Amino acid sequence: MSLVVYNTLSREKEPFVPLDPSHVRLYVCGPTVYDYVHIGNARPVVVFDVLYRLLKRRYPRVTYVRNITDIDDKIMVRAAENQESIDALTERTAAAYRSDMSRLGALSPDVEPRATKYVGEMIALIERLVERGHAYAAEGHVLFDVPSMEDYGRLSRRSHDELIAGARVEVAPYKKDPADFVLWKPSTDAQAGWQSPWGRGRPGWHIECSAMSSALLGETFDIHAGGLDLIFPHHENEIAQSRSAFGHAIMAKYWMHNGFLNISGEKMSKSLGNFFTVHELLDQYPGEVIRLLLLSAQYRQPLDFTPEGLAQAKATLDRWYGALRDIGKSPAAVVPQSIEDALSDDLNTPMAIAALHQLANQVYQQGGPGLAAADLKAGAGALGLLQQDPEAWFRWTPAAADGPSDAEIEAAIAARQAARKAKDFKESDRIRDDLRAKGVILEDGPKGTSWKRG
RNA sequence: GGCCCGGUAGCAAAGCGGCUAUGCAGAGGACUGCAAAUCCUUCCAGGCCGGUUCGACUCCGGCCCGGGCCUCCA
């Protein structure tokens, strides 16, 4: 089945036809690095990682760019608070981000550009916009001239009048039109800044993505993705910048946006204090559990992130890894058609997960590993799941745990076996209950006793 | 106010104009020294009101409810 994706531009599912079938180009908006990212930031990373894996299976060459924003006023404020340099702060948090995303099973993008390395490209792009009559300088700022673009607002489906009517922010006096947005702004001596034709300053938020995507993927490319909240203003303004600068009818052919994450039914927000960083969650749950939960709803739907959801994802992975326990050297298998079909329909991960359940059921019904187990592993691989050794999975332990060591568990199991052999079931049950109280669950099988951490 | 999403069984979450979605939980049974894991059987849906249709959870209209965005939040 050929790939169909929901394109925010048309608000419809469309067949995916790359601009250049020999080279598919994908851009995903990455984080602003000033602290650990929260779980909401992880959703696009995981979801579009599934897309990246799918594209790599089907096209000879895929370039995936995910930027790191290391210029931002929030960064400057945090660096001052921490009394550390901007470089130290962004380097440290970017490293943590890479590590956390990797633990969620996300492949590294092909290119991870940092905005500070592209300031020259940004300035060149802004100059080009000024030359073409789409931008103007005013009081040290450079602003994009929104009325200069005929169909501004197409992505977010907003008319110019609606924008002005809905504006919640006081309009700066140097703007020719209230909808105009900043491309470049002046910096004080105390603020980070770069020399430019308009004096020392720093870039506005949107220009970096236009500069980096055009430098790395070209003036037009296939897919641009990110969170729903980026549709306006960020992506709308990227489109305005890139199309006006380069004169193309499109910037990206397909725009894909993931839905929001709620925390136990409530909107995640810093004022409610109900957000989790990926970093802290990874101390409590395996990255794979978090990843499966993030994929358990279709990416455009809202997703409620709850302790129950994490427990269910854990239980599912326990069952799946159980099915792979004695798989041995698995024969190489391709991703089963049922999984490819599900993912081809706008990344229908819940349907892919249902297909994995069917495969796991088959493994158990057959009473052991076989072709179904190889299919299960290959199919789960399309979602970035089930690739580690099953025993390692069952032995995972939270960072703060102080339970018995693997060796202690093995010793207790041996003692229990001896008691069982002597028909001393009172003692054998005592040992089992004792381990259970410490979070270790025993399973007696035909090949002896196996165990897992609950 | 404008734009855009949703409302499916106890919970999570999909497809589909007629055929058991799926998983967890619940009930009964098998296996087990007892458990756990697993297997078998099973209960439980489609916000409300109209319309189209031989037939609607699925299409159309209205209503109710919930959510998001509307200048730097994925």
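On a predicted model such as this, the values are computed, not experimentally measured, just so you know. Chain letters run A, B, ... following the sequence lines, proteins first, then strands; residues in each count from 1.
No donor-acceptor contact under 3.5 angstrom links the side chains of Asn7(A) and Glu12(A), judged on distance only. A side-chain donor from one of Asp110(A) and Tyr52(A) sits under 3.5 Å from a side-chain acceptor of the other. In this structure, a donor-acceptor pair under 3.5 Å is absent between the side chains of His134(A) and Asp145(A).
Rounded to an integer number of Å, the gap from NE2 of His141(A) to C1' of U71(B) is 13 Å. Rounded to whole angstrom, the span from the CD1 atom of Ile68(A) across to the P atom of A74(B) amounts to 12 Å. In this structure, the CG atom of Leu261(A) is 14 Å from the P atom of C69(B), given to the nearest Å. At whole-Å resolution of the value, CG in Leu292(A) and P in A12(B) are 16 Å apart. When rounded to the nearest whole Å, the span between OH of Tyr97(A) and P of A74(B) equals 10 Å.
When distances are taken from the side chain of Ala297(A) to each of A14(B), A74(B), U22(B), the shortest belongs to A14(B). With U22(B), A74(B), C69(B) as the candidates, the nucleotide lying closest to the side chain of Arg158(A) is C69(B).
Between C4(B) and G46(B), the distance separating the two P atoms is 30 Å to the nearest Å. Rounded to whole Å, the separation between the P atoms of G62(B) and C3(B) comes to 14 Å. C11(B) and C44(B) are spaced 16 Å apart, taking the P atom of each and rounding to whole Å.
Residue Glu150(A) qualifies as open at atom CD: its count of foreign heavy atoms under 6.0 Å is 12 or below.
Interatomic distance, CZ of Phe16(A) versus OG of Ser2(A), reported as 11.0 Å (0.5 Å rounding). Atom CG of Leu89(A) sits about 6.5 Å away from atom CD1 of Ile75(A), to the nearest 0.5 Å.
Taking the ring centre of Tyr285(A) as origin, the terminal cationic atom of Lys314(A) falls outside the region bounded by 6.0 Å and 45° from the ring axis. Cation-pi geometry between Arg325(A) and Phe394(A) is met: under 6.0 angstrom from the ring centre, within 45 degrees of the axis. Judged by the 6.0 Å and 45° rule, Arg420(A) forms no cation-pi pair with Phe425(A).
For Glu410(A), the salt bridge (charged side-chain N to carboxylate O under 4.0 Å, His left out) partners two or more places apart in sequence, or in a different chain, are Arg395(A).
Listed by first then second residue, pairs satisfying side chain to side chain donor-acceptor pair (under 3.5 Å) with a partner in residues 286-297 of chain A read Asp49(A)-Arg291(A), Glu288(A)-Tyr321(A), Glu288(A)-Gln388(A), not counting sequence neighbours.
Residues from residues 305-318 of chain A that place a heavy atom under 4.0 Å from any atom of RNA chain B, listed by number: Gln312(A), Thr316(A).
Close to U71(B), at under 4.0 Å from its OP1 or OP2, lies no side-chain N or O of Lys175(A).
Ring geometry, His38(A) versus Phe275(A): the interplanar angle exceeds 60°, so the pair is classed perpendicular (tilted spans 30 to 60°).
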How does RNA chain B look in dot-bracket form if you count Watson-Crick and G-U pairs under 3.5 Å, write [ ] for pairs that cross, and put | where a base pairs with another strand? (((((((..(((.....[...))).(((((.......)))))....(((((..]....))))))))))))....
Across nucleotides 30-41 of chain B, 5' to 3', mark each nucleotide with B, S or - according to how protein heavy atoms within less than 4.0 Å reach it. ---BBBBSSSS-
List every contact pair, protein side and nucleotides 5-9 of chain B side both N or O, where the distance is under 3.5 Å.
none

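Each of His235(A), His224(A), Arg300(A) was scored for a side chain to side chain contact (heavy atoms under 4.5 Å, CB included) with His257(A), with one residue passing: His235(A).
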